[in-house]
Structures are given as C-alpha cells and as structure tokens.
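These notes are about the structure you will find just below.
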Amino acid sequence: MNHHFIAIEGNIGAGKTTLAHMLARHFNARLILEQFADNPFLPKFYENPAQYAFPLELFFMAERYKQLKDLVYTADLFQSVTIADYLFTKCLLFAKVNLPEQEFRLYQNFFEILQSQIVQPEILIYLHAPVSKLQSNIRKRNRPYEQAIQDSYLFSIQETYTHYIRQHNIRTLFIDVGNADFLDNPAHLQVILDALERDIGEGQHFFSLP
C-alpha cells in the first residue's frame, strides 16, 4: 500500500470512525479521530444554530488544525501510515452550510491561513449513504443532541460534500455504503482494502459493496 496519509469522509452517521479504526488496525497505522465530544458548543448548536454556529465551527477548526499540524513535524518509525476520520476541508464545508454569508467569508479567511500549514492526504475515502441509512445509524449510536437532526440538514451536508469532490481533482474512493456492515461482513472491508492497493489516478473512483 503506497498511501501514507488516508482521510475518511462522509455525512453524519456514515460510519467514518468505525472504518478508520478498522483500517488503522489492519495497517498498524497512527489514528487521528475527530474529538467532537470536546466541543462544548455542539449540543448548544443543535438547540440554537443561529447563535452557536460560528463558535462551533471555530472550535472544530482549531482542534482539527492542532491535530493535523503535528504531521508536519513528527514521524513515527513504527507507524508509516496515518488514518484520519476527517478531511480538514470539512471545516469549510460545514461552515458553508451552517454560517450566514458574512460570517462564512470571515471564517474562510481563517481557514485558508491554516489550510496552507498542514499536510494534505494522498487519498480520500468518501462514504456515501442515503439519508434514511444515516438517520438509522444516528439513532443507533444514540447521542442525545443528534436525535432531532432533520433530513433536510443531512441532504444539505451531502450535497455540499459531493459538489466539492466533483469540483476538485482529489484522488477519491467513492464508496456506496448504503448496505455497509464493516464489523460483521469482512467482504465489505476487503473492497476498500483492495481499492487501496490499486494504483489509481486523480479524480473519483466508484465502488459498491457486495
């Protein structure tokens, strides 16, 4: 496997963290996980998005930057692969959905300064699932502040991700995870492992699970 930094992305409830854990175990990789539980604005945002969206997104961006900037300065002799369950650009995509225009432009200025200072992944694994599947996964993991997420919000996030991927020449494994069961169906994980072994070029490469 020739990739040393792999990022996993997808909508809320797509299964990013589960897959990140499994790939990290398989490749004996360093694992970087989104520290969503540390964000004190997250529950408040779902109660009052207009008031808390800007501090929510600033907090997430600062935390992600602190995690990812270390990759510039550190090297692990025993773990040559890094797996992250987010792409730093996630900051900008969620901000675009959550912030009014003027706040988004201000946020974008901060983002561009930080973006230039971090390592970018060599390949992105994007997990795509229908909103009904996302809602099912959200109910199963039972985080109280997520239970009232509207389908329309998930659709907005989904459209923002797919538009960004189409518009940028990112090397992407676009995985349909509508029927995914990575924990109990080894064949589903194997699809991704086989894809990572291929010498694929830039752009999107679509895979479905058996």
Exercise. Enter the distance from Ile149:CD1 to Ile138:CD1 here, rounded to the nearest 0.5 Å.
Key: 4.5 Å
Quiz prompt | Under 3.5 Å: donor-acceptor pair, side chain of Tyr126, backbone of Leu173 | solution = no
Quiz prompt | Hydrophobic cluster membership, Val81 vs Ile123, 4.5 Å side-chain cutoff | solution = yes
Exercise. Flag the pair Lys44 and Glu47 as a salt bridge only when some basic side-chain nitrogen lies within less than 4.0 angstrom of an acidic carboxylate oxygen.
Key: no
Quiz item: How far apart are the closest heavy atoms of Phe59 and Asp38, and which atoms are they?
Solution: CZ-O, 3.2 Å
Quiz item: Which residues pass the side-chain hydrogen bond (donor to acceptor under 3.5 Å, both in side chains) test with Thr17, sequence neighbours left out?
Solution: Asp85
Quiz item: Shared ILVMFWY cluster between Leu209 and Leu196, side chains joined below 4.5 angstrom?
Solution: yes
Exercise. In sequence, state the C-alpha distance, the side-chain angles, and the governing distance for Asn179 and Asp181, and then conclude on side-chain contact (heavy atoms from CB on, under 4.5 Å).
Key: CA-CA 7 Å; Asn179 68 331; Asp181 186 359; over 6 Å; no
Quiz item: Of the non-hydrogen atoms in Ala195 and Phe207, which two are nearest, and what is the gap between them?
Solution: CB-CZ, 3.7 Å
Quiz item: Roughly how far, to the nearest 0.5 Å, is the NZ atom of Lys69 from the CD1 atom of Ile118?
Solution: 11.5 Å
Exercise. Examine Leu31 and Leu183 and state if one hydrophobic cluster contains both, with Ile, Leu, Val, Met, Phe, Trp and Tyr joined whenever side-chain heavy atoms are less than 4.5 Å apart.
Key: yes
Self-check item: Under 3.5 Å: donor-acceptor pair, side chain of Thr18, backbone of Gly15
Solution: no
Self-check item: Heavy-atom side-chain contact between Glu57 and Asn98 under 4.5 Å
Solution: yes
Self-check item: Contacts of Phe206 that satisfy ring-ring contact (aromatic ring centres under 6.0 Å, His included) - sequence neighbours left out
Solution: Phe174
Quiz prompt | Non-neighbouring partners of Glu103 that pass salt bridge (charged side-chain N to carboxylate O under 4.0 Å, His left out), sequence neighbours left out | solution = none
Practice problem: Drop me the distance from His3's NE2 to Ile83's CD1, to the nearest 0.5 angstrom. | Solution: 10.0 Å
Exercise. Assess whether side-chain contact (heavy atoms from CB on, under 4.5 Å) is satisfied between Cys91 and Tyr65, documenting all intermediate values.
Key: CA-CA 10 Å; Cys91 301; Tyr65 172 73; over 6 Å; no
Quiz item: How many angstroms lie between CZ in Phe104 and CD in Gln108, if you round to the nearest 0.5 Å?
Solution: 4.5 Å
Exercise. Take Phe5 and Leu68 through the side-chain contact (heavy atoms from CB on, under 4.5 Å) test and state the conclusion after the steps.
Key: CA-CA 11 Å; Phe5 182 18; Leu68 294 176; 4.0 Å; yes
Self-check item: Atom NZ of Lys133 with >12 non-hydrogen neighbours under 6.0 angstrom
Solution: yes
Quiz item: By salt bridge (charged side-chain N to carboxylate O under 4.0 Å, His left out), which residues pair with Glu101, not counting sequence neighbours?
Solution: Arg105
Exercise. State plainly whether one hydrophobic cluster holds both Ile200 and Ile170, where clusters connect Ile, Leu, Val, Met, Phe, Trp and Tyr through side-chain heavy atoms under 4.5 angstrom apart.
Key: no
Quiz item: Lys90: what forms a side-chain hydrogen bond (donor to acceptor under 3.5 Å, both in side chains) with it, not counting sequence neighbours?
Solution: Glu34
Quiz item: Is it the case that one hydrophobic cluster holds both Val131 and Ile165, taking links as side-chain heavy atoms less than 4.5 Å apart, direct or via other members?
Solution: yes
Quiz item: Is the backbone of Gly13 close enough, under 3.5 Å, to the side chain of Asn137 for a donor and an acceptor to pair up by distance?
Solution: yes
Quiz prompt | For Tyr86, all residues meeting ring-ring contact (aromatic ring centres under 6.0 Å, His included), sequence neighbours excluded | solution = none
Practice problem: Taking all non-hydrogen atoms of both residues into account, name the closest pair between Phe45 and Leu56 and its distance. | Solution: CG-CD2, 3.6 Å
Quiz item: Looking just at side-chain N and O atoms, do Glu63 and Asn39 make a donor-acceptor pair shorter than 3.5 Å?
Solution: no
Exercise. Could you list the residues that satisfy ring-ring contact (aromatic ring centres under 6.0 Å, His included) with Tyr164, not counting sequence neighbours?
Key: His168
Quiz item: Are any non-hydrogen side-chain atoms of Leu189 and Leu23 less than 4.5 angstrom apart?
Solution: yes
Exercise. State which residues pass side-chain hydrogen bond (donor to acceptor under 3.5 Å, both in side chains) with Arg171; sequence neighbours excluded, sorted by chain then number.
Key: Glu202
Quiz item: Do Tyr161 and Phe94 have side-chain heavy atoms sitting under 4.5 Å apart?
Solution: yes
Practice problem: Decide if atom CZ of Phe110 counts as having more than 12 heavy atoms of other residues, nucleotides or ligands within a radius under 6.0 Å. | Solution: no
Quiz item: Can you name the nearest heavy-atom pair linking Gly178 to Pro130, along with the distance?
Solution: CA-CD, 3.8 Å
Practice problem: With sequence neighbours excluded, tell me which residues meet side-chain contact (heavy atoms from CB on, under 4.5 Å) with Ala187. | Solution: Asn185, Pro210
Self-check item: Under 3.5 Å donor-acceptor, Ser136 side chain and Ser132 backbone
Solution: no
Quiz item: Is there a side-chain contact between Gln115 and Glu112 (heavy atoms, below 4.5 Å)?
Solution: no
Quiz item: Side-chain contact, heavy-atom cut-off 4.5 Å: Gln150 with Leu154?
Solution: no
Exercise. Tell me, with the steps shown, if Glu197 and Asn2 meet side-chain contact (heavy atoms from CB on, under 4.5 Å).
Key: CA-CA 7 Å; Glu197 293 289 346; Asn2 296 321; over 6 Å; no
Self-check item: side chain to side chain contact (heavy atoms under 4.5 Å, CB included) partner of Leu87, chosen from Ile8, Leu124, Leu92, Leu93
Solution: Leu124
Quiz item: Can you name the nearest heavy-atom pair linking Leu33 to Gln35, along with the distance?
Solution: O-NE2, 2.9 Å
Quiz item: Is the closest side-chain heavy-atom distance between Val177 and Phe182 below 4.5 Å?
Solution: yes
Quiz prompt | Residues in salt bridge (charged side-chain N to carboxylate O under 4.0 Å, His left out) contact with Arg143, at least two apart in sequence or another chain | solution = Glu146
Quiz item: Excluding sequence neighbours, so at least two apart, what forms side-chain hydrogen bond (donor to acceptor under 3.5 Å, both in side chains) with His128?
Solution: none
Quiz item: Do Ile175 and Ile192 touch side chain to side chain, with heavy atoms closer than 4.5 Å?
Solution: yes
Quiz item: Can you tell if the side chain of His205 reaches within under 4.5 Å of the side chain of Thr172, non-hydrogen atoms only?
Solution: no
Quiz item: How would you list, by chain and number, every residue that makes a ring-ring contact (aromatic ring centres under 6.0 Å, His included) with Phe88, sequence neighbours excluded?
Solution: Phe111
Exercise. Report yes or no: does Asn11 contribute a side-chain atom to a donor-acceptor pair with the main-chain N or O of Ala14 at less than 3.5 Å?
Key: no
Quiz prompt | Under 3.5 Å donor-acceptor, Glu122 side chain and His4 backbone | solution = yes
Quiz item: Which distance, rounded to the nearest 0.5 Å, do you find between the CD1 of Ile157 and the CD of Glu159?
Solution: 10.0 Å
Exercise. Calculate, to the nearest 0.5 Å, the distance between atoms CD and CG belonging to Glu9 and Leu127 respectively.
Key: 9.0 Å
